[in-house]
There are 2 protein chains.
Amino acid sequence: METARLSERILEIFDDLTRAERLLADHFLENPDSLALHTAEEISRRAAVSKATTARFFKRLGFPSFKTAQRMARSGDASSDSGKRVFSAPVQHRSGRGDLADHLASDVQNLIRTFESIRSDELNAAALSLVRAEKLWVIGFGDNYPLAHFARAQLIKVKPDIRMIPLGGFSVPEEFASITPSDTVLALCIGRRSKTMRSILQTARLAGAHTVSLTDQASSGNPELADVTLRCRTHGLSYFDSLSAPVSVVTYLCMAVAKRIGQTAVDRLRYIDSIHTEWGDAG
Amino acid sequence: METARLSERILEIFDDLTRAERLLADHFLENPDSLALHTAEEISRRAAVSKATTARFFKRLGFPSFKTAQRMARSGDASSDSGKRVFSAPVQHRSGRGDLADHLASDVQNLIRTFESIRSDELNAAALSLVRAEKLWVIGFGDNYPLAHFARAQLIKVKPDIRMIPLGGFSVPEEFASITPSDTVLALCIGRRSKTMRSILQTARLAGAHTVSLTDQASSGNPELADVTLRCRTHGLSYFDSLSAPVSVVTYLCMAVAKRIGQTAVDRLRYIDSIHTEWGDAG
DNA sequence: ATTAAATGTATCAAAACTGAATTCGTTTTG
DNA sequence: CAAAACGAATTCAGTTTTGATACATTTAAT
């Protein structure tokens with residue numbers, strides 16, 4: 001995996017780079033395959049630096065020249081996908097920068113792929129649905145609970161009635177009974193599917209409420225359980241899935257909601273802030 | 001107040017800074033009060049740059065001069081400058097693809113910048129500390145609660161004794177009393193600082209426990225409150241901060257922990273998985 | 001094999017950066 | 001009040017960085 005080697009090397013000496021070189025560094029961190037795929041001229045153009053700078057950059061990185069660097073990048077099987085080794089005992093504590101660079105590259109890819117695949121009209125529809133809702137139900141079981149909590153924490157800052165399921169130790173049906181057709185359900189369904197979630201979504205639809213669900217890409221098995229389904233890429237390099245993309249999508253969603261609500265949301269934010277200040281929390 | 005403004009401004013133009021200026025930027029991000037407390041000469045000495053550079057730095061930041069900047073910092077007023085973006089009513093529903101692309105770009109930058117600035121040895125030290133801990137305390141108040149919950153959800157999959165603060169409605173001191181020198185505290189300190197968190201960290205250090213904290217870049221008002229401090233870039237485009245980078249860092253940290261624990265962690269993961277399957281949850 | 005096109009590399013002058021020394025203004029002290 | 005002391009701004013010269021251009025090398029086509 002040659003691209004990792006490059007990212008690793010870049011992260012290592014990042015602090016010593018000059019400004020134009022940093023542009024290059026960022027370009028390669030965002031597009032790890034760029035070195036293998038494009039010419040020096042093309043790379044220079046994309047990173048908005050001169051060819052000379054690109055040439056110098058690889059010398060500073062320790063390569064004899066740009067060409068050798070590119071050859072090395074191409075010779076290494078840079079297909080970068082290198083299968084899931086979730087359970088292939090990682091004996092090597094060899095640690096360090098390589099892992100970090102890999103992880104970064106992976107999460108950047110997760111973000112990019114996710115937003116590439118999400119259609120903006122669907123997102124807007126989702127946001128609109130959340131805005132219009134009288135009550136908003138945020139639902140997340142198991143590993144989705146933190147994500148649900150996070151979404152609610154954002155939304156409650158701009159909208160008054162956000163309910164969370166599950167809540168404390170309370171029984172779900174009792175809580176969920178108050179759902180109405182003017183409500184919207186935001187369902188977080190990343191990773192392991194839970195039966196309860198399925199039941200809740202069915203109940204919600206039956207009750208005539210709107211439903212928005214956030215899933216990972218693997219979950220396409222049960223389509224159309226929600227009015228709007230947003231798929232996130234959650235590919236992780238080893239034991240755990242990555243939640244960067246879902247978090248980013250949720251953040252965007254909340255921002256879009258706040259934006260649509262407009263001044264009321266701003267006022268509410270300000271009010272909350274003033275309460276915090278009054279209570280002596282640091283701003 | 002003002003220090004936050006300064007840090008914000010610095011982060012805004014961080015990419016365009018030269019190397020010596022970056023030394024200054026780092027100094028101010030780590031010591032936000034430095035501007036108010038020290039003379040330009042002293043600051044220059046501490047940041048290891050020339051006085052001229054310091055003078056120029058504040059001009060580049062948009063202040064008329066160093067002196068003005070210092071006066072503003074000391075008065076704490078400084079509302080004259082660019083108002084906080086958070087409240088600058090974004091009336092335009094530009095709604096199109098642009099917002100999405102901006103958001104994506106911003107979060108990708110957050111990720112990259114975060115991993116650029118985090119030292120891998122610090123991360124490894126943090127992971128090691130988490131691995132060695134007899135009990136692990138994950139702490140997150142307010143907006144950090146979902147993040148803490150998320151961290152715990154990962155860690156509990158590979159390690160048996162992970163405690164969370166705050167928990168249910170239980171009183172913190174009663175819970176926290178069982179901390180010992182062989183424990184480690186993972187403190188999530190993104191965004192608004194809470195007094196309780198500070199107290200907890202102090203108590204933890206007094207008790208001889210190890211401490212790892214995850215903060216945003218602007219927050220290092222009290223440096224060295226933890227043994228290891230990991231700074232994340234959380235810059236958001238409008239109302240809300242972005243948590244993509246912190247989530248990514250936490251995920252990496254947990255992965256590193258799992259890796260170091262090794263086979264035991266794998267076994268535990270498998271066992272948990274088998275229980276899930278047995279209970280009929282979909283995989 | 002030869003040539004033309006494309007692409008990487010080296011050179012050099014312009015621009016930007018930096019710190020030491022100097023100048024200017026303010027405050028303190030005798 | 002003078003002058004000394006201090007600190008901030010400016011100037012200036014040396015250094016580094018940068019991109020345009022010229023040059024060399026590879027590649028492709030005939």
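Below, chain A is the first sequence line, B the second, and so on; all start at residue 1. Values below: all heavy atoms of this structure, side chains included; hydrogens, waters and symmetry mates excluded.
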Give every pair of a protein N or O atom and an N or O atom of nucleotides 5-12 of chain D that lie under 3.5 Å apart, one pair per line with the distance.
from   : atom 1 : to    : atom 2 : distance (Å)
D/dA8  : OP1    : B/A40 : N      : 3.2
D/dA8  : OP2    : B/A40 : N      : 3.0
D/dA8  : OP2    : B/E41 : N      : 3.3
D/dA9  : OP1    : B/S65 : OG     : 3.0
D/dA9  : OP1    : B/K67 : N      : 3.4
D/dA9  : OP2    : B/F66 : N      : 3.4
D/dT10 : OP2    : B/K59 : NZ     : 2.3

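- Residues forming a ring pair (Phe, Tyr, Trp, His ring centres under 6.0 Å) with B/F66 (at least two apart in sequence, or on another chain): B/F58.
- For B/F240, there are no ring pair (Phe, Tyr, Trp, His ring centres under 6.0 Å) partners at least two apart in sequence or on another chain.
- Atom CZ of A/F57 is separated from atom P of D/dG19 by 14 Å (rounded to the nearest Å).
- Residue pairs meeting the salt bridge (charged side-chain N to carboxylate O under 4.0 Å, His left out) criterion with at least one partner in residues 37-50 of chain A, sequence neighbours excluded, are A/E42-A/R45, A/E42-A/R46.
- By the salt bridge (charged side-chain N to carboxylate O under 4.0 Å, His left out) test, A/D267 is found to be paired with no residue, residues two or more places apart in sequence or in another chain being considered.
- Judged as a ring pair (Phe, Tyr, Trp, His ring centres under 6.0 Å), and not counting sequence neighbours, B/F150 has no contacts.
- Straight-line distance from the CG atom of B/D16 to the C1' atom of D/dT17: 16 Å, rounded to whole Å.
- Separating the CG atom of A/L23 from the C1' atom of D/dT18 is a distance of 12 Å, rounded to the nearest angstrom.
- Applying the salt bridge (charged side-chain N to carboxylate O under 4.0 Å, His left out) rule to pairs touching residues 49-63 of chain B yields B/E21-B/R60, sequence neighbours excluded.
- Counting 5' to 3', DNA chain C first comes under 4.0 angstrom of a heavy atom of chain B and last does so at the ends given by C/dC17 to C/dA20.
- Nearest approach of B/I43 to B/L35, heavy atoms of both residues: CD1-CA, 3.9 Å.
- Annotation: side chain to side chain donor-acceptor pair (under 3.5 Å) contacts of B/E122 (sequence neighbours excluded): none.
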